[in-house]
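Right, one structure below, let's go through it.
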Amino acid sequence: MKSLSTNEIRQYWLDYFADHGHMVVGSSSLVPADDPTLLLINAGMNQFKDTFLGLEKRDYKRATTSQKCMRVSGKHNDLDNVGPSPRHHTFFEMLGNFSFGDYFKQDAITMAWDLLVNKLGLPVERLWFTVYTDDDEAMRLWIETGAAPERVLRFGKKDNWWSMGDTGPCGPCSEIHYYWGDLDKQVADGVNKDDEYLEIWNLVFMQYDAKADGTLVPLPAPSVDTGGGLERFASILQGKDNNYDTDAFVPIMDRIQQLAGQSDAERQANLYRYRAIADHARACTFMIGDGVLPGNEGRSYVLRMILRRAARFGKLIGFDQPFLAQVAEVVIDQMGSHYTDLPAKEAYIL
Ligand code: GLY
């Protein structure tokens, strides 16, 4: 298996899909452009919503992105899991490849397998695949591509139907899960249930536009939207069983420890608080970088809530002075090579 830093994984992904005819498109702002159904960007496909719906034409039919996302409100909300969970974040980067009426299930599955197994070297004996209840085609394609039949499982709407909100593009999906426990202890029953089974990539076969009354109107053409968790890939490719032990978070947590003047034992005793502060520092850095200011409503309220949570966790571990700007410096330092607007706006953000 390859060993890659978080920055290298992002680049590897974009290069792989560029080599397969995809346009590399920059992340959109966390603030949705002109979409009243959405408070904050929650998936890579958001910036392509109108393209899937056939309302906007682009001069490419395949795209790849690493998208800044937040899941703190609405249909996708992970806030309460941040800290105790080894893998949930308010802010995260979603890696994606998209087909706008170009390829569909066959190529989406073949490329996913090729990238994960042939290129990155993930062991097939740790991978599990899920398909929507009646999606026989996806089931067959995974098996033809190389998956062992007993490792392809069917799940219902809760797990294998994806929509960005109550309305808009949606469709059946097929997920890839990575098992990181003892090899001989894995069982099909653990998928979508136990923490040792990590969902790493979701391939959505976009087919419908969900209307407010629940009607599913077929999209102009079957399309593909995928979402892979960069921080989760980093945990696998760096041999860590949780995202906070990867190079995306360790330097941030080291800075918190250094500023707090705490021992390793004190850091361990306050682990969930360190994780939440590190997560929230990333979220605040990117939200402020994208022009959100703390306030009483909407996304401004989300930012204020996250800032307050970070400050409160800081207080609980012993800070009695502002500290978050110094933590944000590390975020900008780590991610500024890809998100070049961060260093450009550093003074403002801090
Ligand atoms: N749009 C795919 C996902 O968020 O999983």
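When the shell of 6.0 Å around CZ of F104 is examined, it contains more than 12 heavy atoms from other residues, nucleotides or ligands. Heavy atoms from other residues, nucleotides or ligands lying under 6.0 Å from NZ of K345 number more than 12. Within a 6.0 Å sphere centred on CD of E297, heavy atoms belonging to other residues, nucleotides or ligands number 12 at most. More than 12 heavy atoms of other residues, nucleotides or ligands shown are found within 6.0 angstrom of CZ on R58. Counting non-hydrogen atoms of neighbouring residues, nucleotides and ligands closer than 6.0 angstrom, the CG atom of N118 exceeds 12 such neighbours.
For D102, the side-chain hydrogen bond (donor to acceptor under 3.5 Å, both in side chains) partners are R62, not counting sequence neighbours.
Side chains of S27 and Q67: a donor on one and an acceptor on the other come within 3.5 Å. W128 and Q186 share a donor-acceptor pair across their side chains, judged by distance under 3.5 Å alone. Under the 3.5 Å distance criterion, with hydrogens and angles disregarded, no donor-acceptor pair is assigned to the side chains of R267 and Q262. Side chains of N192 and E199: no donor on one and acceptor on the other come within 3.5 Å. A side-chain donor from one of D213 and T215 sits under 3.5 Å from a side-chain acceptor of the other. With 3.5 Å as the limit, one finds no donor-acceptor pair spanning the side chains of Q11 and Y16. A donor atom on one side chain and an acceptor atom on the other are not found under 3.5 Å apart for T6 and E231. Between the side chains of N243 and H89, a donor-acceptor pair is found at a separation under 3.5 Å.
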Show your working on salt bridge (charged side-chain N to carboxylate O under 4.0 Å, His left out) between K193 and D189 and close with a plain yes or no.
CA-CA 7 Å; K193 205 190 287 163; D189 233 16; 3.7 Å; yes
Could you give me the CA-CA distance, side-chain angles and deciding distance for D35 and N46, then say whether side-chain contact (heavy atoms from CB on, under 4.5 Å) is met?
CA-CA 9 Å; D35 186 345; N46 293 164; 6.0 Å; no
Residues L350, I332; criterion side-chain contact (heavy atoms from CB on, under 4.5 Å); working and verdict:
CA-CA 10 Å; L350 299 184; I332 296 170; 4.2 Å; yes
When you look at F155 and W161, which way does the ring pair (Phe, Tyr, Trp, His ring centres under 6.0 Å) test go after all the steps?
CA-CA 9 Å; F155 283 89; W161 184 274; over 10 Å; no
Dump the intermediate steps for side-chain contact (heavy atoms from CB on, under 4.5 Å) on H280 and L79, then the final yes or no.
CA-CA 10 Å; H280 293 3; L79 183 61; 4.2 Å; yes
Assess whether side-chain contact (heavy atoms from CB on, under 4.5 Å) is satisfied between F323 and I277, documenting all intermediate values.
CA-CA 10 Å; F323 63 97; I277 295 170; 3.7 Å; yes
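There is a path of hydrophobic side-chain contacts, each under 4.5 Å, that joins F52 to M23. Under a hydrophobic-cluster definition in which Ile, Leu, Val, Met, Phe, Trp and Tyr are linked whenever side-chain heavy atoms come within less than 4.5 Å, directly or via other members, L153 and V131 are assigned to different clusters. Placement of L324 and F249 within a single hydrophobic cluster is found when ILVMFWY residues are connected by side-chain heavy-atom separations under 4.5 Å, directly or transitively. With hydrophobic clusters built from ILVMFWY side chains whose heavy atoms lie under 4.5 angstrom apart, F17 does not share a cluster with Y60. F91 and F233 are members of different hydrophobic clusters when ILVMFWY side chains are connected at heavy-atom separations under 4.5 Å.
Note that the CZ atom of R308 and the CG atom of L303 stand 11.0 Å from one another [nearest 0.5 Å]. A distance of 9.5 Å separates SG in C173 from CG in D225, rounded to the nearest 0.5 Å. The CG atom of L30 sits 4.5 Å away from atom CG of D290, with the distance rounded to the nearest 0.5 Å. Between atom CZ of residue F92 and atom OG of residue S66 there is a gap of 10.5 Å, rounded to the nearest 0.5 Å. Atom-to-atom distance recorded for R273:CZ and R309:CZ is 12.0 Å, nearest 0.5 angstrom. Residue S5 holds its OG atom at 7.0 Å from CD of Q238, rounded to the nearest 0.5 Å.
Counting only residues at least two apart or on different chains, the salt bridge (Lys or Arg N to Asp or Glu O under 4.0 Å) pairs with a member in residues 79-100 are R10-E93.
In this structure, D279 does not pair ionically with R275, as no charged nitrogen and carboxylate oxygen lie closer than 4.0 Å. Between R255 and E329 there is a salt bridge, with a side-chain nitrogen of the basic residue lying less than 4.0 Å from a carboxylate oxygen of the acidic one. E196 and R126 are not joined by a salt bridge, as no carboxylate oxygen comes within less than 4.0 angstrom of a charged side-chain nitrogen. The pair K315-D320 fails the salt-bridge criterion, with no side-chain N (NZ, NE, NH1 or NH2) lying under 4.0 Å from an Asp/Glu carboxylate O.
Between H22 and Y103, the distance from one ring center to the other falls under 6.0 angstrom. Under the 6.0 Å cut-off for aromatic ring centres, Y339 and F286 qualify, their centroids lying closer than that.
By the 4.5 Å heavy-atom criterion applied to side chains, P251 and Q334 are counted as neighbours. With a 4.5 Å cut-off on side-chain heavy atoms, R154 and N160 do not count as touching. When side chains are defined from C-beta on, Y178 does not count as touching Y197, because their heavy atoms never get closer than 4.5 Å. Side-chain atoms of D209 and K211, non-hydrogen and from C-beta on, do get closer than 4.5 Å to each other. Contact of the T90 side chain with the V302 side chain is not registered, since no non-hydrogen atoms from C-beta on lie closer than 4.5 Å. Between V327 and I252 there is a side-chain heavy-atom pair separated by less than 4.5 Å. Looking at heavy atoms from C-beta onward, M111 lies out of side-chain contact with K119 at the 4.5 angstrom threshold. No side-chain heavy atom of D166 sits less than 4.5 Å from a side-chain heavy atom of T37.
S85 contributes no side-chain N or O that, together with a main-chain N or O of V82, makes up a donor-acceptor pair within less than 3.5 Å. A donor-acceptor pair is defined here as one N or O able to donate and one able to accept, closer than 3.5 Å; such a pair exists between the side chain of R151 and the backbone of E125. Side-chain atoms of T145 come within 3.5 Å of backbone N or O of L141 as a donor-acceptor pair. No donor-acceptor pair under 3.5 Å is formed between the side chain of R299 and the backbone N or O of L40.
Smallest separation of non-hydrogen atoms from G44 and C69: N-SG, 4.2 Å. T340 and P343 make their closest contact through O-CD, 3.4 Å (heavy atoms, listed as atom of the first residue, atom of the second, distance). For V224 against A108, the heavy-atom pair with the smallest separation is CG1-CB, 3.9 Å. Closest approach of A112 to I176, counting heavy atoms only: CB-CD1, 4.1 Å. In plain terms, the two heavy atoms of N242 and Y244 that are nearest each other are OD1-N, 2.8 Å. When all heavy atoms are compared, the tightest approach of R71 to A43 is NH2-CB, 4.1 Å.
Considering F205, W162, W201, Y132 as possible partners of S174, the one that fulfils the side chain to side chain contact (heavy atoms under 4.5 Å, CB included) test is F205. None of T226, D107, T64, T65 except one satisfies the side chain to side chain donor-acceptor pair (under 3.5 Å) rule with N97; the exception is T226.
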